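First comes the structure, then the notes that go with it.
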Amino acid sequence: MTATQDRSAQTGQAQTGETRILTLIQAVTEAMREELARDDRVVVFGEDVGARGGVFLATAGLQAEFGPRRVFDTPLSEASVVGAAVGMAVRGLRPIAEIQFADYMGPGFDQIISQAAKIRYRSGGQFTAPLIIRTPSGGGVKGGHHHSQSPESYFTHTPGLKVVMPSTPYDAKGLLKAAIRGEDPVIYFEPKRLYRAAKGEVPSHDYIVKIGEGAVRREGTDLTLVGYGGVMPDAERAAAALAAEGVSVEVIDLRSLVPWDRELVLSSVQKTGRAVLVSEAPRISNFMGEVAYVIQEQAFDSLLAPVGQVAGFDTPYPYVQDKVYLPGPNRITAACVKALNY
Amino acid sequence: MTATQDRSAQTGQAQTGETRILTLIQAVTEAMREELARDDRVVVFGEDVGARGGVFLATAGLQAEFGPRRVFDTPLSEASVVGAAVGMAVRGLRPIAEIQFADYMGPGFDQIISQAAKIRYRSGGQFTAPLIIRTPSGGGVKGGHHHSQSPESYFTHTPGLKVVMPSTPYDAKGLLKAAIRGEDPVIYFEPKRLYRAAKGEVPSHDYIVKIGEGAVRREGTDLTLVGYGGVMPDAERAAAALAAEGVSVEVIDLRSLVPWDRELVLSSVQKTGRAVLVSEAPRISNFMGEVAYVIQEQAFDSLLAPVGQVAGFDTPYPYVQDKVYLPGPNRITAACVKALNY
Amino acid sequence: MMTASPSISNIPPLSSPIEPFSPEPLRWVAEDGRPVRDLPARYTPELLRELHREMVRAREFDRKLVTLLRQGRTTFYAQSSGMEATQVGLARSIRVGHDWVWPYYRDHTLGLAMGVPMIDLISQCLGTNSDLCKGRQMPHHFGSASKNFVSISSSIASQVPPAAGNAMAQKYLGTDEITLCTFGDGATSEGDWHAGLNMAGAAKAPALFVCENNQWAISTNLAAQTASPNIHIKAKAYGMPGFYVDGNDIVAVMEVCGYAAEWVRAGNGPALVECLTYRVGSHSNADADAEKNYRTRDEVNSWLARDPIARVEGLLAHLGYPVDAEERADLISAVHRAVDADVLKAEATGQPDWRIMFEDVYADTPPHLREQAAFVRAEQEGQK
Amino acid sequence: MMTASPSISNIPPLSSPIEPFSPEPLRWVAEDGRPVRDLPARYTPELLRELHREMVRAREFDRKLVTLLRQGRTTFYAQSSGMEATQVGLARSIRVGHDWVWPYYRDHTLGLAMGVPMIDLISQCLGTNSDLCKGRQMPHHFGSASKNFVSISSSIASQVPPAAGNAMAQKYLGTDEITLCTFGDGATSEGDWHAGLNMAGAAKAPALFVCENNQWAISTNLAAQTASPNIHIKAKAYGMPGFYVDGNDIVAVMEVCGYAAEWVRAGNGPALVECLTYRVGSHSNADADAEKNYRTRDEVNSWLARDPIARVEGLLAHLGYPVDAEERADLISAVHRAVDADVLKAEATGQPDWRIMFEDVYADTPPHLREQAAFVRAEQEGQK
Ligand SMILES: Cc1ncc(C[n+]2csc(CCOP(=O)(O)OP(=O)(O)O)c2C)c(N)n1
Ligand SMILES: Cc1ncc(C[n+]2csc(CCOP(=O)(O)OP(=O)(O)O)c2C)c(N)n1
Ligand SMILES: [Mg+2]
Ligand SMILES: [Mg+2]
């Protein structure tokens, strides 16, 4: 068994015991429910997360189950939501704050970058802010530019924050639990177009997915396709299409952006010699630029073609042209073919 | 004369006529003074820019000369400052807003990304926001993490904004004038440690430096060293040190980040086969990741070594270790040597 | 006609100033349509009928958009049903096309009443080629340069600091324009709301801030939103007057907002008006099912009973000019026909293609966007 | 001792509630040191002498830091001279080490008065190995876990929403703690300030917000900052009481802030206090020359004449316990000696090396930071 297989088996899928088929959003809810039950320090709050259960229903039922002391609505202010999370975490709670859409992290941005990200550092470790900001992100829901954006790169560029984005129910639950039990502020992006589209096995037993570990979704030898979040199903579709043409694509789901699994990506590229990176955020200064940089820096001699990228365009996210904006399987396939034919 | 020389002569330096030696900050002030005099739509405002002349004195004397109608203080709120600029621009003024330190763009972040960057797009061009946000950025002044940061990558990742950062008095004046006369929102970063350290010839006649054009600071054949803003003098020092060892380094000052001069960089790398990119922003998802990506994508076959980067570390900016955090000439030289010896 | 209306003696004549910070919402017409103050002469039956027509038009426009959504021809709606008195009244309080407006996403009734052609609003909702905003935003995020009705951003309260700036520019330029800025009750919790009002106050800018307090921000009611007893009191923090008005009484809205607008125009600085109204529909289509989880039917029904259109009808009846059932039905079917016709016209223009994605990002198209556009062009051509 | 003091009959007994929103700042001691209300019994000469000592200590600490800066041993200062009554009084209004404090960068006098050891403050300013914050921030940005004195961020008003959250957690945990959150007058314009107060109000959290209104935000005075006539009135926007106090009268600060703190602790929700004081020094060393461009010497001198330390001395003299010149000189030189000794002690611990750059970014050190640390290690070793 190769190292890659081994890692995939350990972290990419359920181990033993009972499992159920859940959607990604059900897995998110379940993680919160279990952690609320496990640890009285855990609180869930944000705009409309109480009786309403959140606009996507990620917190549906939680207030009914745990009461308004543990699960509550806040005023309409992202600075309040994030700032309150910082203060609660400093005073010893484990806040899970929801930002209704990732597009609305703007008003809470300074709280995230000046308070959440820096309090451990600036205080010499005297004060810490273990908190989670959960937020639905990404396109594909005809939301125009304020309900479709992928702002994760801003946060990956902010030292002090951990950044994760699951694409499967298994990872959604495991990463959220890891975040809640961790000691650092974690920005947890939920690919909203997979909320109900992504279904998969989720163990009944307690487990976590370690932050910082990627997963091999499909093994291959000709090209490494790296993605995270909402683009993963299309990346897998592209790989399947190429497989039908006899091309063997290895598909890696990063899951964690900060820190990311350099070892996993580099050993794959060293094997395949080709890499295509897929994300839906605008291209300039996006997170995949870092991945591409590291690949070419660390695996230069293995590269048979330039590292390719499929990303969002450097325009605001459009409404009518939603589907054209997003990388789909065809665009991903084409990028792979280009790298293969280089 | 090569294309590179030609471009450098046109845009990198003064043409003919009288010149004076100014510091970078004097050039910034002079640009505003001249534009205030030229166009009654131009207004200058921000925290403490009036009687105080700004904390770095970039606006010193302007209120005295143009009166408090044209040059004025605002309440202590970056959202107010940026937001007011958006509204003024929409209603036909040419606002130049100062954010006292780039570290404080956080509270105005949503105004920048949701309003300034998107109003042209979202309105189908019916409303536009030609405005300038000037802000001192970067380290080297023992300011700790709230007076030293380099947040430009956030803005380069935001479609709809133009982003520039001069490193010479000539460019400071020319880029600011181009921004004021342009039709787009421009984030204009001023490398604060060069405010008085950078001195250079500035023509007495009116000129602009076109946004989007880089400048060759030193020609060379062995390696292309790309930077912008505060790191440029150290990049040039590194190149000089290497020249003393017989290595010919071409130094490019990007000046504009969005849009950036891909042609200039690519033709240089095609010539030299090696590239090192220098910036002081944290590494992950920084702007140079995009430059590196494009170089390896477009000039793969010319590359004799991986593209190298010297950047800030992925930590908050420290106080005591200010000098270690910043890339200095030695670190840049070492990165070049590594690329040369690959 | 005024002889029939009760004249309440202790009400100040309408030429006199309206006092801010009234303990109860100012009201001219009671819920049953009977005036509780002298009606100013301008409220002729003709004017009241016109207002009534506009309110009915807006209500039916709302209904038709819900239908379009159900038919899958749009993707989102944010009804302003129940808030017609506020929005139609507001449109009558400013100088349309002269003053500037920074609205929010629930303001299509305001847009209609300001004379934005219905087809413009419909085109924006459908994202057709006839959309002035080129299909770039969700339904209800329109803008119209000819009306100085600035294109809406979804980001709550983000219009408030720009509105302050717009007013500062109007003052700088020496115009007699004002800037109207609208927002919901929830919006008042955002930092940008505060930043905008404080800036306008400090700059003594001619901005009229109007809170369309419909008492809910999605599922969050005013008590959970803020500990202040109401919204207009917040004006004290900015040294400006705060007016409190019954937002379901179109006469009250026009009187108070009209007064406040002219007070602002006169150079007194900004003002805040709170129009107390109610969102009788769900927050948006996405909220239609969930709504029952956070508010009672009783509450909704009690506000349905205080309908602003019924109130004008009551007033008209009281004045001896009742709107009869047939007239009403004709009015409604005329609106439906007009909407249907405009929908067809809009749909006939087709949907903007991929090119609109790359336009209007900047004034010019920089090289990297030209390259990306060329990439999509090739992709699209390859798919043919 | 109280017999000598004028007893003003219409002043309520001190056990009775203090009314918010007073038109003038509440005052117990006039500028010349004569009481204008009954002094509560706790203000014994012993206590007043202790307060006086703490205020002098803070003043001299300030002076010494300016000297250190001139000597090039620090890089920045932000004096709180002139604001000692506010900050020392605040420290006496809360339960130190039990309550939590989210302060701002001009609060070293508050820190000292709360009993943060002087060497901790000095070490932070010097960025030595003895700095609890490991040399990571500019002078005046300290924090002390043992006092629940949370490490300061430069970003103005960014401490306000976290302070609301801290108080929410205290309530959640069922403690009887409160959270004190301080800020300047300028800070009240930031959106985060609004967000924090509104959140605390809506959550009825035990937070005491205190504005140290020194009337300037760098070069921007209160009139340019906001159109509201003062700061405490802004409490109306959040449904909380706003108290107005003479911040140069330490008795008034202790009475009002002490009352407000216990009112908050009793579960009534948050409160806002405005302490009216003055920044007699420049904003910071960077402002020393420019200061003359934005405010007159007359203004500064008029406030120098209202010195809070002189006021306590006046009160002590009035009570028959004057502070004589020799005593004062001894006090001052004792502070100078203590500072000198602590500076030497701190400097002797040396400066933290490059390693501190990579610690405390996260609880663990992820691979990319280990790699970056290894890079710097190699670089540093290569330079030896
Ligand atoms: C900054 C921001 N945060 C959150 C949202 C999501 N959101 C859309 S509407 C809404 C409620 C707004 O309530 P209110 O301001 O009262 O206006 P109403 O919808 O009631 O007219 C919320 C939370 C948003 N659009 N922008
Ligand atoms: C968000 C932010 N914007 C700007 C600054 C720069 N700045 C530092 S102090 C200051 C003035 C603060 O005034 P005030 O709140 O009244 O406090 P004071 O210094 O008078 O005690 C400014 C603008 C900052 N630190 N943070
Ligand atoms: Mg509402
Ligand atoms: Mg101040």
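Lettering of chains follows the sequences in order, A, B, ..., and the numbering in each one begins at 1. Note that this is a predicted model, so its numbers are computed, not measured.
Only the side chain of D/L369 comes within less than 4.5 Å of a heavy atom of chain B; its backbone N, CA, C and O stay farther away. If you measure heavy-atom distances from D/A224 to chain B, the contacts under 4.5 Å come from the backbone alone. For D/S155, the parts lying near chain B are the backbone and the side chain together; criterion is any non-hydrogen pair under 4.5 Å. In this structure, chain D has a heavy atom under 4.5 Å from the side chain of B/Q100, while its backbone stays farther away. Heavy-atom distances place no part of D/A157 under 4.5 Å from chain B, backbone and side chain included.
Looking at B/Q321, its side chain never comes within 3.5 Å of a backbone N or O of D/R355 through a donor-acceptor pair. With hydrogens and angles ignored, the 3.5 Å screen pairs a side-chain donor or acceptor of D/Q372 with a backbone N or O of B/D314.
Heavy-atom contacts from other residues, nucleotides or ligands closer than 6.0 Å to NZ of D/K292 number more than 12.
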Quick one: do B/R331 and D/F375 satisfy side chain to side chain contact (heavy atoms under 4.5 Å, CB included)? Show the steps, please.
-> CA-CA 10 Å; B/R331 192 174 293 157; D/F375 172 84; 3.6 Å; yes
Trace of the side chain to side chain contact (heavy atoms under 4.5 Å, CB included) decision for D/M357 with B/V324 | CA-CA 9 Å; D/M357 226 159 55; B/V324 180; 4.0 Å; yes
Evaluate side chain to side chain contact (heavy atoms under 4.5 Å, CB included) for D/D287 paired with B/R52, printing each intermediate quantity in order.
-> CA-CA 9 Å; D/D287 193 47; B/R52 175 70 172 79; 2.6 Å; yes
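Put simply, of D/A373, D/S219, D/P366, the one with the most heavy-atom pairs under 4.5 Å next to chain B is D/S219. Between chain B and the options D/T128, D/D185, D/D192, D/D353, the largest number of non-hydrogen pairs under 4.5 Å is found for D/D353. For the set B/F72, B/F56, B/Y104, the entry with the most heavy-atom pairs within less than 4.5 Å of chain D is B/Y104. Across D/I218, D/I156, D/N293, the residue that shares the most heavy-atom pairs under 4.5 angstrom with chain B is D/I218.
The aromatic rings of B/H147 and D/H141 sit perpendicular to each other, their planes meeting at more than 60°, with 30° as the lower class boundary.
For B/Y319 against D/P139, the heavy-atom pair with the smallest separation is OH-CD, 3.5 Å. Nearest approach of D/Y294 to B/A51, heavy atoms of both residues: CB-CB, 4.2 Å.
Within the 4.5 Å cutoff, the side chain of B/K142 has no heavy atoms near those of the D/M138 side chain.
With D/Q225 as the partner, the side chain to side chain contact (heavy atoms under 4.5 Å, CB included) test is satisfied by one option alone out of B/L76, B/T74, B/D73: B/L76.
Annotation: the span from B/F313 atom CZ to D/E371 atom CD amounts to 11.0 Å, rounded to 0.5 Å. With rounding to the nearest 0.5 angstrom, the NE2 atom of B/H146 is 6.5 Å from the OG atom of D/S158.
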